[in-house]
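Working notes, beginning with the structure itself.
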Amino acid sequence: MQNLPDHSPIRALLFPHSGEEPLSPRQGWRIIIVWAMVFTFPMVLITLLVTVFAATPLYKAVIILLSVLVGGLLIFGLSAWAIVSSFNRVTRLRQAQQNKGQ
């Protein structure tokens, strides 16, 4: 069994990896999906509340909500992809330097 370092609950949800090994594709996808959902959900919820309180017509509310949903998923998904990619690159470089020094 692995010894996992203690992380805060937020860190455990958003990026629960130690940094000693590169992320597998499955772990990378998990992080991308979690970031896209966790950060987009509040935006959609707030937009929904604003459209309800502003008495926005249904068709406009649907268009706005879909725009916020797709935009949030794209923005935060791409941000998470950049983080995962950078993390893996740095981890591989660190491992190469450690192997070179031995």
Side-chain angles (χ1 to χ4, degrees):
M1 178 177 244
Q2 283 183 327
N3 265 344
L4 294 176
D6 292 332
H7 296 303
S8 69
I10 292 173
R11 166 95 193 265
L13 174 68
L14 296 178
F15 205 83
H17 304 286
S18 66
E20 295 176 12
E21 295 183 13
L23 300 171
S24 69
R26 183 177 175 155
Q27 291 170 325
W29 276 109
R30 179 201 170 273
I31 290 171
I32 292 169
I33 291 168
V34 167
W35 278 39
M37 290 186 329
V38 165
F39 293 120
T40 302
F41 178 72
M43 292 173 40
V44 171
L45 185 62
I46 290 170
T47 304
L48 178 63
L49 291 173
V50 168
T51 57
V52 167
F53 286 123
T56 307
L58 183 61
Y59 71 95
K60 284 185 180 179
V62 169
I63 291 171
I64 292 169
L65 286 169
L66 286 175
S67 299
V68 169
L69 178 66
V70 170
L73 291 174
L74 280 173
I75 290 168
F76 295 115
L78 289 173
S79 297
W81 172 79
I83 295 294
V84 167
S85 177
S86 298
F87 177 83
N88 281 342
R89 188 175 314 123
V90 167
T91 304
R92 287 187 189 107
L93 287 172
R94 186 180 308 134
Q95 285 179 342
Q97 286 179 346
Q98 287 175 350
N99 291 339
K100 189 178 182 181
Q102 290 179 353

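All values derive from a computational prediction rather than experimental measurement.
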Measuring from Lys60:NZ to Thr51:OG1, what's the distance to the nearest 0.5 Å?
12.5 Å
ring-ring contact (aromatic ring centres under 6.0 Å, His included) contacts in which one or both residues fall within residues 46-82, not counting sequence neighbours
Phe39-Phe76
Same apolar cluster: Leu23 and Ile33, side chain cutoff 4.5 Å:
no
Find the distance between CG (Leu93) and CG (Asn88) and round it off to the nearest 0.5 Å.
11.0 Å
Write down the atom of Glu21, the atom of Gln95, and the distance for their closest heavy-atom approach.
CA-NE2, 3.8 Å
Side chain to side chain donor-acceptor pair (under 3.5 Å) partners for Arg92, two or more places apart:
none
Please round to the nearest 0.5 Å and tell me the distance separating atom CG of Leu69 and atom CG of Leu48.
11.5 Å
Counting distance only, does the side-chain N/O of Ser86 pair as donor-acceptor with the main-chain N or O of Ile83 below 3.5 Å?
no
Shared hydrophobic cluster, Met37 / Leu74 (ILVMFWY, side-chain heavy atoms < 4.5 Å)
no
Would you name the heavy atoms of Val44 and Leu65 that are closest together and state the gap between them?
O-CD2, 3.7 Å
Check the hydrophobic clustering (I, L, V, M, F, W, Y; side-chain heavy atoms under 4.5 Å; chains of links allowed) and say if Met43 and Val52 are grouped together.
yes
Kindly give the heavy-atom pair with the smallest separation between Ala80 and Ile32, and that separation in Å.
CB-CA, 3.7 Å
Donor-acceptor contact below 3.5 Å, side chain Thr91 vs main chain Pro22
no
Closest non-hydrogen atom pair, Val68 against Thr40
O-CG2, 4.3 Å
Backbone of Ser24 reached by a side-chain donor or acceptor of Gln27 within 3.5 Å:
yes
Nearest 0.5 Å, please: how far is CZ in Arg89 from CZ in Arg94?
13.5 Å
